[in-house]
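None of these values were measured; they are calculated from a predicted model. Starting from 1, each residue takes its place in the sequence as its number.
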Amino acid sequence: MFGTGFFVKLQYNDIIIYGLMTNNHVINGESQNFEIYFEERKENISIKSNDIKFIFTDEFIDVTFIELKNEVFNRITPYFLTADDRECVITDPIMVIQYPANEPKDKNLQENENIQKLSASIGIIKSISGCNIVHNCSTYFASSGSPLINNSLHVVGIHKSTSGNDNYSTRLSIAKNAIITTYERKRKNEINNTMGIVNELSPENYEELKNHNLVNRKDNKVFILEGNKSILPIHFYRTNYAWFWTNETIPDYEMETLKNLQWTIIIPHEKINKNEKGLSPIYKILIMWLRLSEFILKTFVSHICYDMINCHTSTASALSTSHKQRNKETPYRSTLRDPQRKV
């Protein structure tokens with residue numbers, strides 16, 4: 001099963017991390033053995049779990065970042081692209097650099113024969129919604145994990161899915177915040193798991209949330225303000241790196257539903273977000289408390305550089321199941337292929 005990925009340098013002050021970035025539905029961390037295929041070199045490079053220093057993956061924003069050991073980088077000698085720290089805006093011209101899959105008539109092709117060569121697709125940003133950039137660049141299966149690049153040739157997003165005529169990328173600023181914050185919290189032993197499993201809340205934590213009328217709705221991640229029927233409800237989503245909120249109606253609490261909503265990240269010490277201005281005062285106070293309290297985490301602004309690669313997983317039965325589920329609602333332009341299974 002195949003997807004596109006790129007190498008990235010994350011930096012904040014004296015914190016520098018080098019790693020591989022792609023989508024969670026390309027590499028989700030359940031198997032830490034995968035292969036990187038370099039089309040230019042016609043070379044497969046196997047990555048094993050003992051080659052990895054740090055791994056971040058999160059289904060909610062659909063991003064995976066893997067820090068590899070220095071000897072691995074010395075062996076593969078990646079070239080880095082540069083990220084743009086500024087937020088992009090609607091109508092900005094952009095392109096997706098990708099390794100889309102072919103549609104072979106012969107389904108018994110060898111391992112790498114249904115990967116196209118590196119290609120680029122040009123378009124514009126149609127909208128920016130929550131964690132997502134919506135764009136109209138043409139993509140196809142195995143494009144998932146490709147960088148979204150602006151007219152300065154800097155990366156602004158990570159392509160992940162398509163729905164109708166719209167393509168979706170995770171905003172780079174959201175991904176940077178998640179990875180750097182998680183990396184620092186892991187280094188300080190504040191969290192044990194960096195693969196989407198949030199820290200357990202203590203009885204005291206639950207009591208404090210209850211005192212603010214926040215009630216758990218799903219897996220210690222989704223909360224709702226309870227007890228006020230005079231205003232429209234908003235939901236809060238908790239991760240190990242930030243809180244998010246949305247005032248959209250949530251028909252169910254399945255991840256496929258949650259991740260496609262318009263979420264606003266709560267950033268510590270940030271001025272009131274423009275999305276908060278129309279909220280009821282009770283919600284503004286609650287968001288301010290989450291922004292300043294021990295339940296919210298320090299956020300970093302990072303400078304990132306990138307290198308394009310084409311990567312595919314070598315063992316991906318769990319990824320295959322995830323991919324089929326996604327196609328029911330928001331089909332992903334990515335084909336993940338288990339080498340042991342004919343497709």
Side-chain angles (χ1 to χ4, degrees), residues 3-11 19-27 56-65 80-100 118-140 142-180 241-242 244 259-265 267 299-311 326 330 332-334:
T4 303
F6 51 98
F7 287 106
V8 50
K9 174 186 175 184
L10 293 168
Q11 182 172 359
L20 164 68
M21 185 175 284
T22 186
N23 290 144
N24 168 271
H25 74 270
V26 175
I27 300 174
F56 165 89
T57 189
D58 188 11
E59 187 179 3
F60 181 62
I61 60 172
D62 202 357
V63 169
T64 290
F65 174 87
F80 296 95
L81 298 176
T82 302
D84 199 326
D85 289 328
R86 299 170 299 174
E87 290 286 358
C88 50
V89 298
I90 297 172
T91 72
D92 272 358
I94 43 88
M95 65 178 173
V96 172
I97 307 296
Q98 57 194 319
Y99 286 90
L118 179 66
S119 64
S121 174
I122 298 173
I124 63 168
I125 293 174
K126 297 177 66 176
S127 65
I128 300 172
S129 175
C131 300
N132 299 321
I133 296 171
V134 183
H135 64 91
N136 62 0
C137 293
S138 177
T139 60
Y140 197 59
S143 297
S144 291
S146 304
L148 192 68
I149 295 178
N150 63 15
N151 60 358
S152 298
L153 300 182
H154 295 167
V155 183
V156 295
I158 305 102
H159 174 72
K160 59 184 177 181
S161 67
T162 193
S163 179
N165 294 322
D166 293 332
N167 286 312
Y168 291 82
S169 296
T170 298
R171 287 165 52 197
L172 190 62
S173 59
I174 299 292
K176 289 191 297 184
N177 168 71
I179 295 162
I180 292 290
Y241 55 86
F244 296 80
K259 65 189 294 183
N260 291 319
L261 298 174
Q262 183 172 330
W263 294 93
T264 299
I265 191 171
I267 300 178
T299 303
F300 298 88
V301 178
S302 308
H303 178 76
I304 305 180
C305 301
Y306 300 80
D307 174 40
M308 285 299 306
I309 67 159
N310 181 25
C311 64
R326 296 174 197 277
T330 306
Y332 280 88
R333 295 299 196 186
S334 174

Quick one: list whatever passes side chain to side chain donor-acceptor pair (under 3.5 Å) with [X], sequence neighbours left out.
| X | result |
| --- | --- |
| T170 | K160 |
| S138 | none |
| T264 | N275 |
| D92 | none |

State the [atom1]-[atom2] distance between [X] and [Y], to the nearest 0.5 angstrom.
| X | Y | atom1 | atom2 | result |
| --- | --- | --- | --- | --- |
| H135 | T162 | NE2 | OG1 | 8.0 Å |
| Y168 | S161 | OH | OG | 7.0 Å |
| F244 | I267 | CZ | CD1 | 9.0 Å |
| N167 | N132 | CG | CG | 11.5 Å |
| Q262 | S127 | CD | OG | 8.5 Å |
| I179 | Y241 | CD1 | OH | 9.5 Å |

Exercise for the section: Sequence neighbours left out, what passes side chain to side chain contact (heavy atoms under 4.5 Å, CB included) with N136? Give chain and number order. Expected result: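 I124, K126.
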
Problem - Residue list, side chain to side chain contact (heavy atoms under 4.5 Å, CB included) with L153, at least two apart or on another chain - result: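 Side chain to side chain contact (heavy atoms under 4.5 Å, CB included) check on L153 returns M95, I149.
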
Exercise for the section: State which residue, out of I61, L148, L172, fulfils the side-chain contact (heavy atoms from CB on, under 4.5 Å) condition with I158. Expected result: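 Running side-chain contact (heavy atoms from CB on, under 4.5 Å) over I61, L148, L172 with I158 returns exactly one hit, L172.
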
Exercise for the section: Evaluate the criterion side chain to side chain contact (heavy atoms under 4.5 Å, CB included) for residue pair I265 and N177; output intermediate values, then yes/no. Expected result: CA-CA 10 Å; I265 191 171; N177 168 71; 3.4 Å; yes

Practice task
Assess whether side chain to side chain contact (heavy atoms under 4.5 Å, CB included) is satisfied between I94 and C88, documenting all intermediate values.
Solution key: CA-CA 10 Å; I94 43 88; C88 50; 5.8 Å; no

Handout entry: S143/Q98 under side-chain hydrogen bond (donor to acceptor under 3.5 Å, both in side chains): CA gap, chis, key distance, verdict
Key = CA-CA 5 Å; S143 297; Q98 57 194 319; 2.4 Å; yes

Can any side-chain N or O of [X] pair as donor or acceptor with the backbone N or O of [Y] at less than 3.5 Å?
| X | Y | answer |
| --- | --- | --- |
| D166 | V134 | no |
| T4 | G145 | no |
| D62 | N23 | no |
| R171 | G130 | yes |

Grab the two heavy atoms, one from [X] and one from [Y], that are nearest each other, plus how far apart they are.
| X | Y | value |
| --- | --- | --- |
| I97 | A120 | CD1-CB, 3.6 Å |
| G157 | I133 | CA-CD1, 4.4 Å |
| S144 | T22 | O-OG1, 4.2 Å |

Problem - S173 vs E87, side-chain hydrogen bond (donor to acceptor under 3.5 Å, both in side chains): CA-CA, chis, key distance, verdict - result: CA-CA 7 Å; S173 59; E87 290 286 358; 2.5 Å; yes

Practice task
Test side chain to side chain contact (heavy atoms under 4.5 Å, CB included) on D58 and V63 and set out the steps.
Solution key: CA-CA 6 Å; D58 188 11; V63 169; 5.8 Å; no

Practice task
Let me see the working for V8 and V155 under side chain to side chain contact (heavy atoms under 4.5 Å, CB included), right down to the final yes or no.
Solution key: CA-CA 10 Å; V8 50; V155 183; over 6 Å; no

